[in-house]
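It should be emphasised that the depicted structure is a prediction, and the values quoted were computed from it without experimental measurement. We name chains A, B, ... by the order of the sequence lines, and we start the count at 1 in each one.
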Protein chains: 2
Amino acid sequence: MDRITRDTVLDTAMRLVMESGIENLSMRKLAAELGVAVTSIYWHVGNRDVLVDQLVDRVIADMGAISVDGSTPVERVVSIARSCRRMILERPHLVGLVRERGLESLMMLPARKALVREMTAAGLRGARAGEAVQAVQYQIAGFVMLERALENSAAEPPAVDHWRGELALEDPELAASLSNVTDGDRLFVLSVRALVESLLG
Amino acid sequence: MDRITRDTVLDTAMRLVMESGIENLSMRKLAAELGVAVTSIYWHVGNRDVLVDQLVDRVIADMGAISVDGSTPVERVVSIARSCRRMILERPHLVGLVRERGLESLMMLPARKALVREMTAAGLRGARAGEAVQAVQYQIAGFVMLERALENSAAEPPAVDHWRGELALEDPELAASLSNVTDGDRLFVLSVRALVESLLG
DNA sequence: CCCACCGGTGTAACAGTGTTACAGAGCAAC
DNA sequence: GTTGCTCTGTAACACTGTTACACCGGTGGG
């Protein structure tokens with residue numbers, strides 16, 4: 001009997017997603033949570049797709065500004081990347097959200113401007129600078145997406161590598177480094193720094 | 001009436017996936033295609049999840065060997081990465097397949113061995129080499145996953161960047177480079193080369 | 001005042017999904 | 001012949017997104 005609003009629908013949808021993930025959000029559950037029939041939701045938001053789109057927009061809107069620290073350009077770009085990664089990892093529902101829609105690029109919009117500033121500050125101009133920005137963006141987004149995807153399938157079998165035995169004899173430290181469950185932040189910073197140092201050099 | 005086999009089930013499932021993608025594969029459609037009831041499929045393969053797992057294993061098994069060209073270590077790693085990317089892009093269904101399961105890491109197994117060889121040939125040892133291998137692996141897989149995800153959502157709105165106007169005044173070539181739909185291969189090779197040069201330097 | 005309209009809601013259905021309890025064929029072995 | 005095993009079919013359960021249609025409450029016009 002209580003009237004609902006497009007905003008109340010989006011609010012409780014957001015709450016449900018943050019509680020139990022996008023994969024457990026259905027129109028019927030949302031309607032039940034609102035104490036209303038399914039058709040009301042369709043009247044207010046139209047579709048499940050536009051509902052998810054609205055949720056993505058909300059999450060991206062509240063991602064806030066990224067922090068830029070460091071004195072050298074490399075350190076500043078690394079700090080941007082790190083801030084980006086932290087911001088995404090702090091929002092576990094975001095990955096599922098943008099995985100359902102195809103809006104991965106929007107994930108990067110706040111960083112883009114900061115990256116352009118740093119690249120030009122480091123002396124890059126024109127297409128060189130543009131490619132550098134895109135390369136770093138792709139690396140950040142790709143890394144985090146992959147990282148999240150891998151951690152969900154952590155129950156993976158040990159992936160019997162037959163050649164790992166012989167490798168362990170030649171360079172046991174290398175074999176151990178490949179077997180270890182990766183320290184995400186360390187590998188991330190290492191990769192970004194390597195890429196940026198090369199791009200700016 | 002015709003008896004079916006686990007292999008015939010997997011074969012036609014694979015065919016259906018290659019024809020219309022994993023998202024259009026349902027147990028009922030598969031059963032209909034086989035001219036059999038759903039329960040037979042369940043008896044033979046058990047589950048939809050194990051069915052998809054089997055399909056992933058098949059695709060990975062037929063990925064074959066990667067080619068390694070080039071004289072310098074950097075060029076050889078770039079060639080490995082490029083070969084990997086091509087192999088994945090040639091199998092459009094693979095991305096949907098591994099996106100449904102969480103087995104992204106398996107995507108890289110054939111490349112791993114080659115990367116280890118090149119890194120040690122370039123003089124890297126121990127944890128340094130292991131991290132380098134993982135960094136390149138993450139970059140390849142992340143880049144390709146992101147690339148495929150972006151190309152599916154190409155109908156995206158132009159993403160009104162308010163600051164692009166002022167940027168265009170300062171460095172029009174940079175603005176154009178950021179606006180352009182990215183040339184995937186060029187950006188990929190550029191990124192991998194930059195990363196590897198820095199890791200090996 | 002009444003009636004028509006419109007915004008919003010509810011009922012019930014359609015078509016599709018994965019999965020399974022259960023009954024039954026066909027065949028081999030004892 | 002009867003038992004037992006392998007495999008298949010029927011029919012259902014519990015979901016999903018979506019919609020055709022009826023209804024209810026208010027607001028404005030005649």
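- Taking CG of A:L16 as the reference point, atom CG of A:D11 lies at 11.0 Å (rounded to 0.5 Å).
- Within a heavy-atom distance below 4.0 Å of DNA chain C, the residues of residues 20-28 of chain B found are B:L25, B:S26, B:M27, B:R28.
- Between the CH2 atom of A:W43 and the C1' atom of D:dC24 there is a distance of 15 Å, rounded to whole Å.
- Screening residues 32-42 of chain B for side chain to side chain donor-acceptor pair (under 3.5 Å), with sequence neighbours left out, gives B:R15-B:E33.
- We find that CG of B:D7 is positioned 16 Å from C1' of D:dC7, with the value rounded to whole Å.
- Phosphate contact (OP1/OP2 of D:dT19, side-chain N/O of A:T39, threshold under 4.0 Å): absent.
- The shortest distance between the side-chain N/O atoms of B:N47 and the OP1/OP2 oxygens of C:dT19 is below 4.0 Å.
- Side chain of A:S191 to main chain of A:L187: a donor-acceptor pair is present (N/O by atom type, distance under 3.5 Å, no hydrogens or angles).
- Remark: C1' of C:dG8 and CG of A:L34 are 14 Å apart, rounded to the nearest angstrom.
- Atom pair A:E100:CD and D:dT16:P shows a separation of 13 Å (rounding to whole Å applied).
- Proximity of A:H44 to the phosphate of C:dG7: no side-chain N or O atom is located under 4.0 Å from OP1 or OP2.
- Of the possible polar contacts, none joining the A:R117 side chain to the A:K113 backbone as a donor-acceptor pair under 3.5 Å is found.
- We find that OH of A:Y42 is positioned 15 Å from C1' of C:dA12, with the value rounded to whole Å.
- The phosphate of C:dG8 (OP1 or OP2) has no side-chain N or O of A:R3 nearer than 4.0 angstrom.
- Using modelled atom types, one side-chain atom of B:T72 and one backbone atom of B:E75 make a donor-acceptor pair closer than 3.5 Å.
- Between the side chain of B:R76 and the backbone N or O of B:V68 there is no donor-acceptor pair closer than 3.5 Å.
- Looking at the side chain of B:V38, the nearest of the listed nucleotides D:dT18, D:dG9, C:dT19 is C:dT19.
- Between the C1' atom of D:dG17 and the CG atom of A:D49 lies a distance of 10 Å, rounded to the nearest Å.
- Across the protein-nucleic acid pair, B:R48 atom CZ and D:dT16 atom C1' stand 14 Å apart, rounded to whole Å.
- Nearer to the 5' terminus of DNA chain D, by closest-nucleotide assignment, is the contact made by A:K29 (compared with the other of A:G46 and A:K29).
- For the pair B:I41 CD1 and C:dT20 P, the computed distance is 14 Å after rounding to whole Å.
- Within the 3.5 Å criterion, the main-chain N or O of B:A194 finds no donor-acceptor partner in the side chain of B:S198.
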